Amino acid sequence: MSFAYLYFALVGLKLEGKTKTFIIILYYSQSKFTVILCGTDMGEIRMNKMKITVIGAGTMGAGIAQRASQSGFAVSLVDVKDEFLKKGFEGIEKTLKKGIELGKVTEEQSKSIIENIKGTTELKEGAADTNLVIEAIFEDMEVKKKLFTELDELCDDSVIFASNTSSLSITELAKATKREDKFGGLHFFYPAAINRLVEVIAGEKTSSDTVDKLMDISQALGKTPILAKDAPGFAVNRFFVPWLNEACRMLEDNTANIPTIDKGAKDAFGIGMGPFELMNATGIPIAYHSQESLHKGLGEFYKPSERLKVQFELNETWDMTGEINDSALGTVKRRFYGVVFGVACQLAQEKVASKEDTDRGATIGLRWAQGPFALMNEVGIQEAYDMVNNIAEISNGTFKVPDLLKEQAESKKPWDLKTVRVTKENKTAIITMDRPEALNALNSKVLSDLRDIIKQIQKDEEITTVIITGSGKAFVAGADIKEMMEKSPIEAREFTYLGQAVLKELEDLNKPVIAAVNGVALGGGCELALACDIILASEKARLGFPEVGLGIHPGFGGTQRLPRLVGRAKAKELIFTADILDAKEAERIGLVNRVVAPDKLLEEARGIANKISRQAPIAIRLAKSAINKGCEMDLDTGLAYEVESVSMAFSTKDSKEGMSAFTKRRKPEFEGK
Ligand code: DAK
């Protein structure tokens with residue numbers, strides 16, 4: 001008789017200072033024990049299997065917990081009293097109820113989002129088996145530090161700690177732990193479950209690996225992360241809080257009354273609520289304390305206005321009554337612009353955040369129509385400089401015009417705000433479509449930034465392969481509908497020519513291009529992928545052509561390249577029905593080469609790029625061209641083209657090297673000659 005016994009255990013062992021996890025399988029059969037030891041890597045555990053512990057069930061903590069649960073993470077919500085937890089859960093239920101009314105979530109989803117959050121008053125229980133702790137308790141350095149010291153004892157060394165503080169130093173908080181390299185800031189914006197912005201803050205000792213993980217987790221939470229240095233106010237509060245303060249200063253020096261100041265702000269920044277209305281809604285104490293914290297960290301210019309201090313001490317809301325004085329609106333706007341432009345340039349000069357991320361902070365986090373740098377471009381750089389100069393003049397020497405702005409004004413050029421990024425990794429260029437606030441939609445600026453990068457790569461002989469991907473949750477959500485709808489038929493024609501030309505340049509680029517489709521690739525986004533040589537898709541990717549639903553049809557090559565790739569009938573079905581395919585279906589019909597787990601997408605793309613980089617570059621270039629051109633010819637012409645092409649390859653130094661290496665059983669060393 002045979003008897004089998006199976007025993008599984010998951011154990012963590014410390015090896016070379018790192019905690020590795022192993023699965024032990026003990027198997028007894030036919031009087032013999034067998035032990036199998038399998039290594040796993042915590043880093044390989046998929047994001048949505050991770051556990052996030054949120055400490056503090058207040059408005060922000062509850063919102064973060066809801067967002068995490070909604071994104072598929074296991075979540076623990078910890079607070080010191082049951083009544084606080086109860087209030088937190090009530091807040092989550094309220095938000096979800098609104099979501100159901102708006103058709104954003106179903107009753108069933110809402111139920112499972114709540115069930116997936118385990119509330120507890122026991123820190124040890126909440127922190128057990130967690131991968132990330134997000135602290136969202138009240139703003140008190142000592143209390144937070146005490147909490148982090150306690151958590152440091154409770155959590156495994158691999159766990160990342162993040163604070164949602166908006167005003168305390170991340171570097172200082174991290175000192176309460178023995179994991180300063182695994183400590184960073186995750187500053188969410190109200191309402192945390194909905195607002196897409198999150199500031200990822202790197203303290204002095206935060207490792208780049210931790211920053212990368214916090215960026216990735218933020219994206220997995222459906223957020224648009226911006227990177228900020230650990231400086232007072234980080235990126236957004238640095239200019240937003242002085243914006244509130246300037247409103248109070250204008251009231252104090254009788255520039256205008258409250259309704260006029262609010263109207264000026266609404267007009268200037270394209271927002272629904274002016275600073276006074278906003279302070280009444282969010283609380284004057286927050287405005288005062290935030291300004292005081294900037295004052296302490298950054299000096300006199302940031303001192304809270306006396307009027308704000310008085311109102312804070314009175315503990316009363318602002319009186320919103322009064323008539324709007326139209327003649328004062330111009331001055332009000334100039335004062336607001338002057339402060340915001342000056343501070344934004346100061347923070348960019350100090351490298352607290354990039355110009356692009358600063359703008360993103362304003363448009364996504366604060367819902368301003370445009371960020372400070374785009375606004376400077378709109379009003380004109382010289383005009384912006386004059387406005388900041390005016391602030392410097394009335395600041396009694398507390399504010400100096402940043403050199404960055406002075407130099408830009410001297411150049412008489414607008415800021416160049418990049419919407420596409422490129423980085424070089426060995427021989428591979430990685431292009432990132434970087435307009436996450438609009439799901440990387442293609443407008444004229446994006447197309448022209450992409451064109452510049454293509455030209456740069458074409459000339460760079462060191463680069464052998466290119467990967468193209470999207471920043472945030474999307475690859476590219478199509479041509480920019482908002483820009484397109486403003487166009488006249490003539491302008492639309494020009495836009496089509498531009499899009500087609502740029503994608504043709506990408507298709508004709510003298511090195512292979514791999515599209516790493518990380519999220520939606522719709523309309524123009526799918527056309528961008530079609531102009532690439534190899535298409536890899538994340539399991540999260542969705543591909544399709546929704547144009548006919550907008551009353552147009554694909555215009556960046558979709559009606560031509562799609563049928564060539566998947567056949568006429570499939571192409572017609574896709575374009576006529578506007579169906580959106582999931583990645584598996586796209587793979588099945590041959591629209592994408594293969595589907596990859598989301599966290600493996602870039603790794604897989606890099607793997608292919610590295611393989612290509614090891615081959616003879618001229619042969620690759622000629623082969624790319626022969627395939628592309630051949631597909632447009634009849635077979636006989638194509639074969640004739642191939643003869644010429646391969647003959648050219650045969651006459652290269654690399655072909656001699658490749659064949660000689662084969663006969664000598666060594667690795668070839670290609671020179672691209
Ligand atoms: N254009 C402009 N903005 C876009 C956009 C797009 N294609 N897609 C998304 N956005 C913006 C949203 O407006 C939103 O901005 P805010 O409201 O926050 O300011 C932000 O990105 C986030 O989007 P959602 O809030 O909608 O995000 P969700 O996750 O809820 O939804 C979605 C994701 C992809 C399902 C949804 O955003 C969506 O349906 N987007 C539109 C997708 C689409 O229809 N794509 C095809 C575009 S048409 C031609 C030239 C070119 C073409 C044709 C003709 N000629 C000039 C004639 C090509 C046409 C196209 O590509």
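Remember, it's a predicted structure, so these values are computed and weren't measured experimentally. In what follows, residues are counted from 1 in the order of the sequence shown.
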Quiz item: Does any N or O in the side chain of Asp434 come within less than 3.5 Å of the main-chain N or O of Asn440, such that one atom is a donor and the other an acceptor?
Solution: no
Quiz item: Looking at side-chain heavy atoms only, is the closest gap between Leu450 and Met433 below 4.5 Å?
Solution: yes
Exercise. Run through Asp480, Asp452, Asp416 and flag the one making a salt bridge (charged side-chain N to carboxylate O under 4.0 Å, His left out) with Lys445.
Key: Asp416
Quiz item: Can you list every side-chain hydrogen bond (donor to acceptor under 3.5 Å, both in side chains) pair that touches residues 197-206, not counting sequence neighbours?
Solution: His187-Glu199
Self-check item: Inter-residue atom distance Ser354.OG - Arg360.CZ, 0.5 Å rounding
Solution: 6.5 Å
Practice problem: Mark yes when over 12 heavy atoms from residues, nucleotides or ligands other than Ile490 sit less than 6.0 Å from its CD1; otherwise mark no. | Solution: no
Quiz item: Quick one: are Tyr190 and Thr282 in side-chain contact, heavy atoms under 4.5 Å?
Solution: no
Exercise. Check the pair Ile64, Leu186 against side-chain contact (heavy atoms from CB on, under 4.5 Å), reporting the backbone distance first and the verdict last.
Key: CA-CA 10 Å; Ile64 298 167; Leu186 273 185; over 6 Å; no
Quiz item: Any donor and acceptor pair, going by atom type alone, linking the side chain of Asn377 with main-chain N or O of Trp415 inside 3.5 Å?
Solution: yes
Practice problem: Output yes when a side-chain donor or acceptor of Thr469 lies under 3.5 Å from a complementary backbone atom of Ala516, and no otherwise. | Solution: yes
Quiz prompt | Gap between atom NZ of Lys266 and atom CD1 of Ile261 - 0.5 Å precision | solution = 13.0 Å
Validation: residues 336-345 side-chain donor-acceptor distances under 3.5 Å, sequence neighbours left out:
unit_1 : atom_1 : unit_2 : atom_2 : d
Tyr337 : OH     : Ala268 : O      : 2.8

Quiz item: Would you say the side chain of Ile552 lies within less than 4.5 Å of the side chain of Met484, judging by non-hydrogen atoms?
Solution: yes
Exercise. Working to the nearest 0.5 Å, report the span between CD1 of Ile271 and CG of Leu366.
Key: 8.5 Å
Self-check item: Short side-chain donor-acceptor distance under 3.5 Å, Thr321 and Asp319
Solution: yes
Quiz item: How are the rings of Trp368 and Phe269 set to each other: parallel, tilted or perpendicular (split at 30° and 60°)?
Solution: tilted
Quiz item: Residues in salt bridge (Lys or Arg N to Asp or Glu O under 4.0 Å) with Lys309, at least two apart?
Solution: Glu313
Quiz item: Who pairs with Asp267 by salt bridge (Lys or Arg N to Asp or Glu O under 4.0 Å), at least two apart in sequence or on another chain?
Solution: Lys263
Quiz prompt | Side-chain heavy-atom pair Glu139, Lys144 within 4.5 angstrom cut-off | solution = yes
Exercise. State which residues pass side-chain hydrogen bond (donor to acceptor under 3.5 Å, both in side chains) with Asn280; sequence neighbours excluded, sorted by chain then number.
Key: none
Quiz item: Using a distance-only test with no angle check, is there a side-chain donor-acceptor pair under 3.5 angstrom linking Asp449 and Thr419?
Solution: yes
Quiz item: Taking side chain as C-beta onward, heavy atoms only, is Cys248 less than 4.5 Å from Met279?
Solution: yes
Please report, to 0.1 Å, the donor-acceptor pairs under 3.5 Å made by any side chain of residues 225-240, with sequence neighbours excluded.
unit_1 : atom_1 : unit_2 : atom_2 : d
Lys229 : NZ     : Glu350 : O      : 2.8
Asp230 : OD1    : Ile170 : N      : 3.1
Asp230 : OD2    : Ser169 : OG     : 3.2
Asp230 : OD2    : Ile170 : N      : 3.1
Asp230 : OD2    : Thr171 : N      : 2.8
Asp230 : OD2    : Thr171 : OG1    : 2.7
Arg238 : NE     : Tyr302 : OH     : 3.2
Arg238 : NH1    : Glu350 : OE1    : 3.3
Arg238 : NH2    : Gln346 : OE1    : 3.0
Arg238 : NH2    : Glu350 : OE1    : 3.1
Arg238 : NH2    : Glu350 : OE2    : 3.2

Exercise. Quick one: list whatever passes side-chain contact (heavy atoms from CB on, under 4.5 Å) with Pro285, sequence neighbours left out.
Key: His289, Phe312
Quiz item: Does the distance from a Lys or Arg side-chain N to an Asp or Glu carboxylate O, for Glu356 and Lys418, drop under 4.0 Å?
Solution: no
Quiz item: Partners of Thr210 by side-chain hydrogen bond (donor to acceptor under 3.5 Å, both in side chains), sequence neighbours excluded?
Solution: Ser207
Quiz item: Is there side-chain contact between Glu527 and Leu442, with heavy atoms separated by less than 4.5 Å?
Solution: no
Quiz item: Is the closest basic N to carboxylate O distance between Asp216 and Lys213 below 4.0 Å?
Solution: no
Quiz item: What distance do Met376 atom CE and Lys355 atom NZ have between them, rounded to the nearest 0.5 Å?
Solution: 9.5 Å
Quiz prompt | Partner set under side-chain contact (heavy atoms from CB on, under 4.5 Å) for Arg493, not counting sequence neighbours | solution = Tyr497
Exercise. Give the C-alpha distance, both sets of side-chain angles, the deciding distance and a yes or no for side-chain contact (heavy atoms from CB on, under 4.5 Å) between Ile55 and Val133.
Key: CA-CA 7 Å; Ile55 319 257; Val133 175; 3.8 Å; yes
Quiz item: Distance from Leu405 atom CG to Glu410 atom CD, nearest 0.5 Å?
Solution: 10.0 Å
Exercise. Flag this pair as yes if the NZ/CZ of Arg67 is under 6.0 angstrom from the six-membered ring centre of Phe189 and inside a 45 degree cone about the axis; otherwise no.
Key: no
Quiz item: So, Lys487 and Glu483, do they make that salt bridge, N to O below 4.0 Å?
Solution: yes
Self-check item: Carboxylate-amine/guanidinium contact Glu437 Arg196, below 4.0 Å
Solution: no
Practice problem: Step through the shown structure and confirm whether more than 12 heavy atoms of other residues, nucleotides or ligands are within 6.0 Å of NZ on Lys424. | Solution: yes
Quiz item: Between Gln219 and Pro436, is any pair of side-chain heavy atoms under 4.5 Å apart?
Solution: no
Quiz item: Among all residues two or more places apart in sequence or in another chain, which pass the ring pair (Phe, Tyr, Trp, His ring centres under 6.0 Å) test with Phe188?
Solution: none
Quiz item: Can a donor-acceptor pair be found between the side chains of Asp386 and Gln382 at a distance below 3.5 Å?
Solution: yes
Quiz prompt | Contacts of type side-chain contact (heavy atoms from CB on, under 4.5 Å), residue Asn390, not counting sequence neighbours | solution = Arg335, Ile394
Quiz prompt | Pair Ser327-Asn325, side-chain donor/acceptor within less than 3.5 Å | solution = yes
Exercise. Show the numbers, then the answer: is there a side-chain contact (heavy atoms from CB on, under 4.5 Å) between Ile381 and Lys413?
Key: CA-CA 7 Å; Ile381 203 75; Lys413 286 188 188 145; over 6 Å; no
Quiz item: Can you tell me how far CD1 of Ile468 sits from CD1 of Ile430, rounded to the nearest 0.5 angstrom?
Solution: 11.5 Å
Self-check item: Test side-chain hydrogen bond (donor to acceptor under 3.5 Å, both in side chains) applied to Gln311 - qualifying residues, sequence neighbours left out
Solution: Arg307
Quiz item: Does the salt bridge (Lys or Arg N to Asp or Glu O under 4.0 Å) test come out yes or no for Glu383 and Arg334, once each step is laid out?
Solution: CA-CA 10 Å; Glu383 187 72 3; Arg334 288 178 70 84; 3.0 Å; yes
Exercise. Salt-bridge test for Arg249 and Glu246: reply yes if a basic N is under 4.0 Å from a carboxylate O, no otherwise.
Key: yes
Practice problem: Might you point out which heavy atoms bring Leu308 and Asn245 nearest each other, and give the distance in Å? | Solution: CD2-OD1, 3.8 Å
Practice problem: Quick one: do His295 and Glu300 satisfy side-chain contact (heavy atoms from CB on, under 4.5 Å)? Show the steps, please. | Solution: CA-CA 6 Å; His295 176 210; Glu300 275 310 285; 3.0 Å; yes
